[in-house]
Amino acid sequence: MSKTCPHCGAEIADEAVRCHACQNWLTPAVEQADKPAGFLETLLFAWFLGVYGVHRFYTGNIATGIAQLLTLGGCGIWAYIDFILICFNKFKDGKGRPLRNYSANTGITIFVISLIPLALILFLLFTLGLAIAVAGANS
């Protein structure tokens, strides 16, 4: 015998407590006890405290959170890669589940907005390099 998942309509076994297709819990008590980390919270932790690995601790990735804490997010590069993965819903929690309440519109919009300070930093570095080159050529 089988039944259908109330979340996605996939056929599941009668004794199943979690849908194999959409990974949603079938009983509310279990869902409340063990649910994946939220998308927006993880995204904000990654943006503001990513170099300290706070988003990794929040999602249950403790070992990699400690590694990020000790390396300051891989000098910021690892933290920014995590931020991009979260924006595009490719980041998994400590149990390998996707983040809860993902919104593609929010993720992509915040990613595009995050490019503004990155572009500004690159522009300033380019301008500084150009100024040094011109000053060196004049002397």
Side-chain angles (χ1 to χ4, degrees):
M1 298 262 326
S2 65
K3 59 184 178 180
T4 59
C5 172
H7 303 286
C8 69
E11 286 194 31
I12 51 176
D14 283 334
E15 63 275 359
V17 292
R18 189 172 188 180
C19 176
H20 67 316
C22 67
Q23 299 298 316
N24 282 319
W25 293 103
L26 302 175
T27 52
V30 174
E31 186 177 339
Q32 288 298 326
D34 184 29
K35 59 183 178 180
F39 161 71
L40 190 58
E41 299 92 330
T42 307
L43 186 70
L44 292 173
F45 280 139
W47 180 252
F48 291 107
L49 301 168
V51 293
Y52 303 112
V54 173
H55 62 287
R56 292 252 176 196
F57 289 110
Y58 174 70
T59 57
N61 297 307
I62 305 301
T64 53
I66 292 170
Q68 277 197 346
L69 181 63
L70 295 175
T71 63
L72 290 179
C75 296
I77 297 169
W78 185 8
Y80 192 66
I81 290 171
D82 276 357
F83 176 77
I84 293 169
L85 291 174
I86 294 166
C87 284
F88 292 98
N89 202 27
K90 301 296 181 193
F91 190 84
K92 305 290 185 206
D93 72 358
K95 295 182 180 179
R97 301 173 299 189
L99 300 175
R100 167 176 53 84
N101 299 330
Y102 173 72
S103 167
N105 290 338
T106 304
I108 293 169
T109 302
I110 291 178
F111 171 72
V112 170
I113 290 170
S114 77
L115 294 176
I116 294 169
L118 185 63
L120 182 62
I121 290 169
L122 291 174
F123 173 74
L124 291 174
L125 288 173
F126 174 75
T127 305
L128 180 64
L130 190 61
I132 291 171
V134 168
N138 288 336
S139 55

Distance check, rounded to the nearest 0.5 Å: Thr42 atom OG1 versus Arg100 atom CZ? 8.5 Å

Hey, mind stepping through Val54 and Phe48 against side chain to side chain contact (heavy atoms under 4.5 Å, CB included) and telling me if it holds? CA-CA 9 Å; Val54 173; Phe48 291 107; over 6 Å; no

Counting only N and O atoms by type, is there a donor-acceptor contact under 3.5 Å from the side chain of Thr109 to the main-chain atoms of Thr106? no

Can you tell me how the ring of Tyr102 sits relative to the ring of Phe39, calling it parallel under 30°, perpendicular over 60° and tilted otherwise? perpendicular

Verify the cluster assignment for Phe123 and Val134: are they in a single hydrophobic cluster under the rule of side-chain heavy atoms below 4.5 Å apart? no

Under 4.5 Å between side-chain heavy atoms, hopping through other hydrophobics if needed: is there a path connecting Leu118 to Ile110? yes

With a 4.5 Å heavy-atom cut-off, do Thr59 and Lys92 have their side chains touching? no

So which atom in Pro98 and which in Asn89 form the shortest heavy-atom distance, rounded to 0.1 Å? CB-OD1, 4.3 Å

Please tell me if the side chains of Cys87 and Leu43 come closer than 4.5 Å, counting only heavy atoms from C-beta onward. yes

So, taking the atom named NE2 in His55 and the one named CG in Leu44, what distance separates them when rounded to the nearest 0.5 Å? 12.5 Å

Quick one: pull up CG in Leu128 and CD1 in Ile132 and give me the separation to the nearest 0.5 Å. 4.0 Å

Is there a path of hydrophobic side-chain contacts, each under 4.5 Å between heavy atoms of I, L, V, M, F, W or Y residues, that connects Leu125 with Tyr80? no

Measuring from atom CG of Leu124 to atom CG of Leu120, what distance do you get when rounded to the nearest 0.5 angstrom? 4.5 Å

Kindly compute the distance separating SG (Cys5) from CZ (Arg18), expressed to the nearest 0.5 Å. 11.0 Å

Return the minimal non-hydrogen interatomic distance between Tyr58 and Gly38, and the atom names on each side. OH-N, 3.6 Å

I need the Ile113 CD1 to Trp47 CH2 distance, nearest 0.5 Å. 9.5 Å

Please check: side-chain N/O of Asn61 versus main-chain N/O of Thr64, any donor-acceptor pairing under 3.5 Å? no

Between Arg56 and Asp82, is the side chain to side chain contact (heavy atoms under 4.5 Å, CB included) condition met? List the steps. CA-CA 9 Å; Arg56 292 252 176 196; Asp82 276 357; 2.8 Å; yes

So which atom in His20 and which in Ala10 form the shortest heavy-atom distance, rounded to 0.1 Å? CE1-CB, 4.3 Å

Would you indicate whether the side-chain heavy atoms of Pro36 and Asp93 approach each other to under 4.5 Å? yes

Same cluster or not: Trp78 versus Phe88, using hydrophobic residues (I, L, V, M, F, W, Y) connected whenever any side-chain heavy atoms lie under 4.5 Å apart? no

Ile116-Ile86 co-clustered via ILVMFWY side chain contacts under 4.5 Å: no

